[in-house]
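Note sheet for the following structure.
Below, each value reflects all heavy atoms present in this structure, side chains not excepted, and no hydrogens, waters or symmetry copies. In the text below, chain A, chain B and the rest are named by the order of the sequence lines, each starting its count at 1. Quick caveat: nothing in here was measured; it's all calculated off a predicted structure.
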There are 2 protein chains.
Amino acid sequence: MHSNNPSLPEAKQTIENAIHSGRMTLIVGECSIKYMGRAGSKLSNGERLIIIKQDGSFLVHQNQKMNPVNYQPPGCIFQLSIENEMTKSKETTGPEETTGSENNQNCETELKLSSIRRKPKEKIEVIFKTISFVSTHKMHDNQSIRLFGSENQLSELLLSDLHLIEKGLVPVKKEQVMKKGTVDIMAKDSHGRLVVIELKRRKAELNAVSQLSRYVEETKKLKNTQVRGILVAPEITPGAQKYLERENLEFFKLDFSIGNPSAKINGLESKQKTLFE
Amino acid sequence: MHSNNPSLPEAKQTIENAIHSGRMTLIVGECSIKYMGRAGSKLSNGERLIIIKQDGSFLVHQNQKMNPVNYQPPGCIFQLSIENEMTKSKETTGPEETTGSENNQNCETELKLSSIRRKPKEKIEVIFKTISFVSTHKMHDNQSIRLFGSENQLSELLLSDLHLIEKGLVPVKKEQVMKKGTVDIMAKDSHGRLVVIELKRRKAELNAVSQLSRYVEETKKLKNTQVRGILVAPEITPGAQKYLERENLEFFKLDFSIGNPSAKINGLESKQKTLFE
DNA sequence: GCTGGGAGAGGCTTA
DNA sequence: TAAGCCTTTCCCAGC
């Protein structure tokens with residue numbers, strides 16, 4: 001269902017019906033936006049796209065950037081109301097005679113769309129001056145995305161190929177839960193020393209080293225033994241490299257990108273491909 | 001501009017025109033999606049909303065969740081092509097006689113929309129079986145959002161109210177750039193000791209302590225002097241608290257919420273309000 | 001529910 | 001451009 005240049009009351013009705021029936025609602029219109037909650041924001045008048053989803057997600061997009069300019073996560077509720085100058089005046093200064101409304105009866109009328117989140121308490125108010133477009137869609141879709149190459153998956157792959165990193169490296173407690181606490185992979189080297197392995201699917205930065213360092217320290221205290229730490233990532237920043245060396249930790253370069261011929265990881269790549277195809 | 005249940009060639013033309021003229025394009029249709037790049041993903045057939053923005057941003061939304069299921073950041077380019085079974089067969093197994101096309105001439109025809117990112121090399125392919133809806137919008141909008149309550153802003157406010165944290169605390173190099181490297185605020189206490197302050201606008205977790213610890217250690221080495229570290233946040237998790245104590249760092253509770261009467265931060269709240277109103 | 005950490009993170013500022 | 005870090009981060013898995 002869709003309508004072009006609907007009146008604000010028409011739009012209100014359409015949107016309410018759509019929300020009620022779980023249809024995705026798209027609105028394009030000239031609006032100003034206010035947000036108050038964990039933080040606050042204001043956006044002056046302009047044309048934007050508003051999206052209301054079945055699960056109560058709420059998005060406001062400008063015609064640029066990937067991320068919405070305002071948003072609410074799933075679960076919020078919506079309120080719609082027609083407001084006009086007379087109403088507003090009444091509320092604030094009492095009834096007045098309408099002025100300047102001869103040219104356009106709607107020029108002072110606005111549609112307010114509020115989306116409210118309970119916890120934390122947050123509210124977005126979209127004040128539409130005009131709506132150029134509303135459409136609603138049933139959106140039949142029972143599929144879920146399958147993602148390949150997440151850190152978790154790479155970790156699994158790496159477990160069976162630990163020798164890629166170092167000869168003689170074996171998982172601690174073979175075929176058992178690796179994720180001890182927050183450590184990605186726990187292993188033992190050929191000298192029987194514990195090795196904590198932190199995996200990053202992208203260029204490792206300072207905080208990755210901080211993390212590994214923390215894990216190593218905790219493991220040392222817990223096991224009361226010497227513990228090595230290896231950071232596995234496709235790249236590392238200079239600062240992180242220096243920090244790593246100061247902490248006596250190690251780096252192993254490993255590229256994970258899918259479908260990239262330059263990522264010639266023995267065995268790993270083919271396994272990824274197999275999973276992906 | 002909009003069209004309902006367009007043919008795939010019509011949709012192709014409409015979309016190409018819109019991209020060329022920088023109009024935001026909305027497409028609702030039944031499609032399958034494939035992504036290859038830093039990672040990979042597959043999504044089987046279903047109805048989704050596709051958004052193409054002026055700056056080359058690309059979004060695929062299902063009717064749930066806040067985040068797009070697939071996406072490209074600004075700057076990517078688009079390719080559209082009509083594909084059908086005969087074409088496909090030719091490519092793979094040579095010409096064949098068309099079968100089962102009597103009922104619906106378009107049943108084997110597809111519209112492929114590819115969005116390509118240069119660096120890193122990534123590609124999304126959306127294969128439309130049917131398109132129920134296309135609309136394009138000029139989206140006149142020259143406004144930028146003004147956000148209140150970001151950590152940066154809070155840091156600025158706090159600089160002029162350092163005594164809130166501790167009596168006698170003064171900024172190092174008064175009225176000068178504080179952000180030495182990555183340290184939020186550098187100060188001196190009444191005993192002349194350097195104090196590194198890390199500010200978190202929300203509940204502080206382990207990595208916040210890691211961060212502060214790292215800054216303190218670096219500052220110690222750099223200045224070769226005793227250095228205190230204070231974590232300022234509205235809350236702290238138990239794990240972070242323990243870690244903090246082990247590292248001999250300090251915590252100061254400070255609530256930043258906007259419009260929350262419980263946030264009785266002397267001066268800070270009124271300053272925030274002033275900024276927001 | 002809280003804690004912890006990844007994300008195809010994106011996006012921003014500064015060097 | 002890279003580096004570092006914030007985000008109204010969202011989101012998910014574990015506990």
Side-chain angles (χ1 to χ4, degrees), chain A residues 35-41 57-58 60 64-74 117 119-124 145 147-155 177 179 181-184 198-211 214-215 235-241 243 256-259, chain B residues 35-41 57 65-74 117 119-124 145 147-155 177 179-184 198-208 210-211 214-215 235-241 243 256-258:
Chain A
Y35 154 68
M36 276 189 81
R38 289 166 293 177
S41 75
S57 310
F58 184 71
V60 180
Q64 55 165 330
K65 293 291 162 66
M66 223 201 69
N67 284 347
V69 65
N70 282 115
Y71 58 86
Q72 297 274 39
R117 181 183 185 181
K119 194 169 187 281
K121 183 79 175 171
E122 303 201 278
K123 186 181 193 178
I124 296 176
I145 194 167
L147 182 67
F148 309 94
S150 66
E151 185 191 286
N152 228 329
Q153 201 172 96
L154 295 173
S155 180
V177 181
K179 289 222 166 190
T182 49
V183 171
D184 281 351
E198 174 66 26
L199 189 63
K200 290 293 171 197
R201 67 179 318 291
R202 55 174 182 163
K203 186 184 281 199
E205 296 180 6
L206 284 169
N207 59 353
V209 181
S210 282
Q211 219 175 106
R214 176 154 47 87
Y215 298 158
E235 280 181 283
I236 186 167
T237 64
Q241 175 79 51
Y243 184 30
F256 309 108
S257 52
I258 291 179
Chain B
Y35 153 69
M36 277 187 80
R38 288 167 295 176
S41 76
S57 310
K65 294 292 165 63
M66 224 202 69
N67 284 346
V69 65
N70 281 114
Y71 56 86
Q72 296 275 39
R117 182 182 184 180
K119 192 169 185 280
K121 184 79 175 171
E122 302 201 278
K123 186 181 192 177
I124 296 176
I145 195 168
L147 181 67
F148 310 93
S150 65
E151 186 189 290
N152 224 331
Q153 201 172 95
L154 295 173
S155 179
V177 181
K179 289 220 167 189
K180 184 117 209 274
T182 49
V183 171
D184 280 352
E198 174 65 27
L199 187 65
K200 289 295 169 197
R201 68 180 313 288
R202 55 177 182 161
K203 186 182 282 200
E205 296 179 6
L206 284 170
N207 59 353
S210 282
Q211 221 175 105
R214 176 154 46 86
Y215 298 159
E235 280 180 285
I236 186 167
T237 65
Q241 174 80 52
Y243 184 31
F256 308 109
S257 53
I258 292 179

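Rounded to an integer number of Å, the gap from A:E235 CD to C:dG8 P is 18 Å. Atom pair B:L206:CG and C:dG5:C1' shows a separation of 10 Å (rounding to whole Å applied). What separates CD of B:E205 from C1' of C:dG5 is a distance of 8 Å, to the nearest Å.
Residue A:Y243 is out of contact with every strand shown, counting any heavy-atom pair closer than 4.0 Å. Among the atoms of the strands shown, none is found under 4.0 Å from any heavy atom of A:F58. A:E198 comes within 4.0 angstrom of the backbone, heavy atoms only, and of no base. As judged by a 4.0 angstrom heavy-atom cut-off over every strand, A:P120 is placed among residues making no nucleic acid contact. Across all strands, B:K200 comes closer than 4.0 Å only to sugar-phosphate atoms, never to a base (heavy-atom distances).
Distances shown here put a side-chain N or O of B:T237 below 4.0 Å from the OP1 or OP2 atom of C:dG4. Contact annotation: A:Q211 reaches the phosphate of C:dG6 (side-chain N/O to OP1 or OP2, under 4.0 Å).
Take B:L206 and apply the side-chain contact (heavy atoms from CB on, under 4.5 Å) test, not counting sequence neighbours, and it matches A:R214, B:Y243. Applying the side-chain contact (heavy atoms from CB on, under 4.5 Å) rule to B:R38 yields the partners A:R201, B:Y35, B:R117, B:P120, B:E122; only residues at least two apart in sequence or on another chain are considered. Here B:E205 pairs with B:N207, B:T237 under the side-chain contact (heavy atoms from CB on, under 4.5 Å) rule; sequence neighbours left out. Remark: A:K121 pairs with no residue by the salt bridge (Lys or Arg N to Asp or Glu O under 4.0 Å) rule, at least two apart or across chains. For B:Y215, the side-chain contact (heavy atoms from CB on, under 4.5 Å) test picks out B:T182, B:V183, B:V196, B:E198, B:Q211, with sequence neighbours left out.
No side-chain heavy atom of A:V60 sits under 4.5 Å from any side-chain heavy atom of A:P68.
Interatomic distance, A:K200 NZ to A:E151 CD, rounded to the nearest 0.5 Å: 5.5 Å.
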### Query
How would nucleotides 7-15 of chain D be written as a contact map, 5' to 3', with B for base contact, S for sugar-phosphate-only contact and - for no contact, using protein heavy atoms under 4.0 Å?
SBBSSS---
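Nucleotides D:dT7 and D:dC11, compared at atom C1', are 14 Å apart to the nearest Å. If you take atom P in C:dG8 and the same atom in D:dC5, they sit 22 Å apart, rounded to whole Å. With C1' as the reference atom, D:dC10 and D:dC6 are 14 Å apart, rounded to whole Å.
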